[in-house]
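Remember, it's a predicted structure, so these values are computed and weren't measured experimentally.
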Amino acid sequence: MSPVRHGQRDMPVKKTKKKKSGKKSAKKGLKGLQSIAEVLKSLRQQYETKSKDSNSYPHPDVKKLINHHADNNSLLAKFILTPGPSDELPVKVPPLLTAIRSTRYVHVKELYIWDIPMKHEDISTLALFLEQSIYPIQYLELMECSIDSYGVNRLARSICMSNLTALLLDYNKFGDAGCDGLCRGLYGNRTLLRLSLCYCNLGPSSGEVLGKTVSYTAIRDLYLDGNALECEGVIELIKLFADSAEMEAIERAEKKEAQIVETNTLSIPGISSAMSSVSRPTSSVSVKSKPGSARSRLSSVGKKGKKGKRKKSGKKKEPPPPPPVGPWIQKLHLLDNGIDAQGVGSTLGPVMCMKMFRKLITHSETLQELDLDDNLIGDLGGREVLEALMDRKEAGLNNLKVNVTHRMNSTTFAAIIKLGSGLKKKAKKKKGKPGKVRIQLKQECSTNRGYVKSK
């Protein structure tokens, strides 16, 4: 009778253990929900302590943003650093980076640094931070940070080990030497898609370097406003783009001709009956040419609609393929780059440059935006752009957004605007304090360029 009594006593004990384990799992779930707020609060505390240690001013906007996301228990993916209101202590970049590293906050995706002078020590700290693959920073904007050519060379070494898809270095006067070092670091890069070097004091020699760099990387959006590339540098920049676009156009034309010849041969009854007597060629022709099967597939996909796509996407969970590497450009902005008759090419410089642009505009399938405003290309150059847009329309390619100066023949300018409309103009200044105006303009510029903002 004793073992029966022990069994009866052990049964309720096991039930109580199960109940306790359920309560512990519920408590763990609650702690997991509160962990985001706790991490953000520790990040704010670390930022304040690191700022005091380095004699830096902890920016109040950064602390407010961290507190706001901590109260909402949501992730903070974008950090913005601007000059603080304090005149005694400057705002520095390393305290924020060291606070992120000390708390292991791995949710940073975008980093904006505006009007904060960065020494070589600050740039090296940022470069070491980018080299850590645990921090998935995709967008980096260093606007008017007094970065010289030596600092750009140090930053370029870490780009190949980072996760950057967009890099903006506007208003940093590092010149041709800095551009050369940056392109050496970017050579063969497969992740960077957008590069902006506006008002960086670049000369004609930077055009050839940038053209080769874009041709051997995945960069597809290039912003070079406010430099001095002139006709010589611009021709060297787009030479590889135009040649590859022309070769692709020739290949497309050959494929169309081959398809037309193939369909004509199959439509003749005598040839089809003669081909039916041969065994091997009939199998190859029947496999290659099945217009009915292709159309039926397209019609079946159209009938199914979104349901068929959802089923396919549910089965395949593979990541998207990497961006293609090659001389394909989508957005090219060359506002105010000295493309006129005052450079080395003299009077024929703008015409030769626009002839190269005509080849690119006529044949390129990937080109979407082209900004040539504030460049005196003249009437002949405007005519080349107009004829290129007309040829592009006849070829059936996608619409191209073009912006040119109005200093040309009025009819030519009106026709260019009609065929290539849609490019956004520069943001106008608004009334208010100069500091706020500057920040508003920079935000508008970043949004106009199509950069993705974090939610």
Side-chain angles (χ1 to χ4, degrees), residues 143 168 170-171 194-204 206-207 210-211 214 220-238 241-242 329-343 345 349-362 364 367-390 392 399-430 441-451:
M143 186 180 289
L168 189 144
D170 294 350
Y171 299 98
R194 297 184 180 112
L195 179 63
S196 181
L197 304 176
C198 299
Y199 300 94
C200 293
N201 198 16
L202 304 182
S206 297
L210 285 169
V214 176
R220 59 192 182 189
D221 300 341
L222 187 61
Y223 300 89
L224 301 172
D225 298 339
N227 292 297
L229 296 181
E230 299 180 356
C231 298
E232 181 184 0
V234 173
I235 289 172
E236 294 295 331
L237 173 66
I238 66 172
F241 308 156
I329 196 75
Q330 289 186 358
K331 297 179 183 179
L332 181 60
H333 288 219
L334 295 168
L335 180 141
D336 190 14
N337 263 272
I339 306 174
D340 49 25
Q342 304 299 324
V351 180
M352 295 173 63
C353 186
M354 291 304 111
K355 282 184 178 294
M356 189 65 68
F357 270 113
R358 179 177 181 177
K359 187 191 294 186
L360 178 64
I361 294 170
T362 304
S364 178
L367 191 62
Q368 298 176 0
E369 291 183 8
L370 179 62
D371 192 0
L372 297 173
D373 201 2
D374 292 341
N375 294 295
L376 190 57
I377 60 177
D379 295 335
L380 295 176
R383 190 67 189 174
E384 293 287 340
V385 175
L386 178 59
E387 290 178 357
L389 290 173
M390 294 170 66
R392 186 182 181 86
N399 294 329
L400 177 64
K401 301 176 183 178
V402 182
N403 194 8
V404 295
T405 181
H406 66 281
R407 296 176 65 183
M408 62 176 68
N409 190 1
S410 59
T411 56
T412 305
F413 177 73
I416 291 173
I417 295 301
K418 185 177 180 180
L419 288 174
S421 62
L423 189 61
K424 294 182 180 180
K425 297 181 180 180
K426 293 182 291 184
K428 296 181 180 180
K429 292 185 178 180
K430 300 178 181 179
L441 287 173
K442 287 176 181 178
Q443 290 176 350
E444 290 176 1
C445 290
S446 61
T447 53
N448 290 338
R449 285 175 185 148
Y451 295 134

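With sequence neighbours left out, the side chain to side chain donor-acceptor pair (under 3.5 Å) criterion links Ser410 to no other residue. Residues satisfying the side chain to side chain donor-acceptor pair (under 3.5 Å) test with Arg358, not counting sequence neighbours, are Glu384, Glu387, Asp391. With sequence neighbours excluded, no residue satisfies side chain to side chain donor-acceptor pair (under 3.5 Å) with Asp379.
Remark: side-chain polar atoms of Arg392 are paired, donor with acceptor, to backbone N or O of Ile361 under 3.5 angstrom. Under a 3.5 Å cut-off, the side chain of Asp374 and the backbone N or O of Asp336 do not form any donor-acceptor pair. The backbone N or O of Tyr223 sits nowhere less than 3.5 Å from a side-chain atom of Arg194 that would complete a donor-acceptor pair. The closest donor-acceptor contact from the side chain of Asn227 to the backbone of Leu202 lies under 3.5 Å.
A pairwise comparison of heavy atoms in Glu369 and Leu400 identifies N-CD1, 3.7 Å as the closest pair. Between Ala341 and Pro350, the shortest heavy-atom distance links the atoms N-CG, 3.7 Å. Counting all heavy atoms, side chain and backbone alike, Pro204 lies closest to Glu232 at CB-OE1, 4.2 Å. When all heavy atoms are compared, the tightest approach of Gly378 to Met408 is O-CB, 4.0 Å. Closest approach of Asn337 and Asp225 over heavy atoms only: ND2-CA, 4.1 Å. In terms of heavy atoms, Val234 sits closest to Cys353 at CG1-SG, 3.6 Å.
Contact of the Leu370 side chain with the Val385 side chain is not registered, since no non-hydrogen atoms from C-beta on lie closer than 4.5 Å. Side-chain contact between Leu419 and Met390: present, with at least one pair of heavy atoms (C-beta onward) separated by less than 4.5 Å. Looking only at side-chain heavy atoms (C-beta outward), Leu367 and Ile329 come within less than 4.5 Å of each other. For the pair Leu334/Leu237, a side-chain contact is recorded, criterion being any heavy-atom separation below 4.5 Å from C-beta on.
Annotation: the span from Ser196 atom OG to Leu224 atom CG amounts to 7.5 Å, rounded to 0.5 Å. From Leu197, atom CG reaches atom CG of Asp170 across 7.5 Å, with rounding to the nearest 0.5 Å. Here the CZ atom belonging to Phe357 is positioned 9.0 Å from the CD1 atom belonging to Ile377, to the nearest 0.5 angstrom. Atom-to-atom distance recorded for Cys231:SG and Met354:CE is 7.0 Å, nearest 0.5 angstrom. Between Ile339 atom CD1 and Asn375 atom CG the span is 4.0 Å, to the nearest 0.5 Å. Annotation: the span from His333 atom NE2 to Asn403 atom CG amounts to 9.0 Å, rounded to 0.5 Å.
Each of Thr411, Ile417, Ile416 was scored for a side-chain contact (heavy atoms from CB on, under 4.5 Å) with Phe413, with one residue passing: Ile417.
Note on ring orientation: taking the six-membered ring where Trp is involved, the planes of Tyr171 and Tyr199 are parallel (angle under 30°, cut-offs 30° and 60°).
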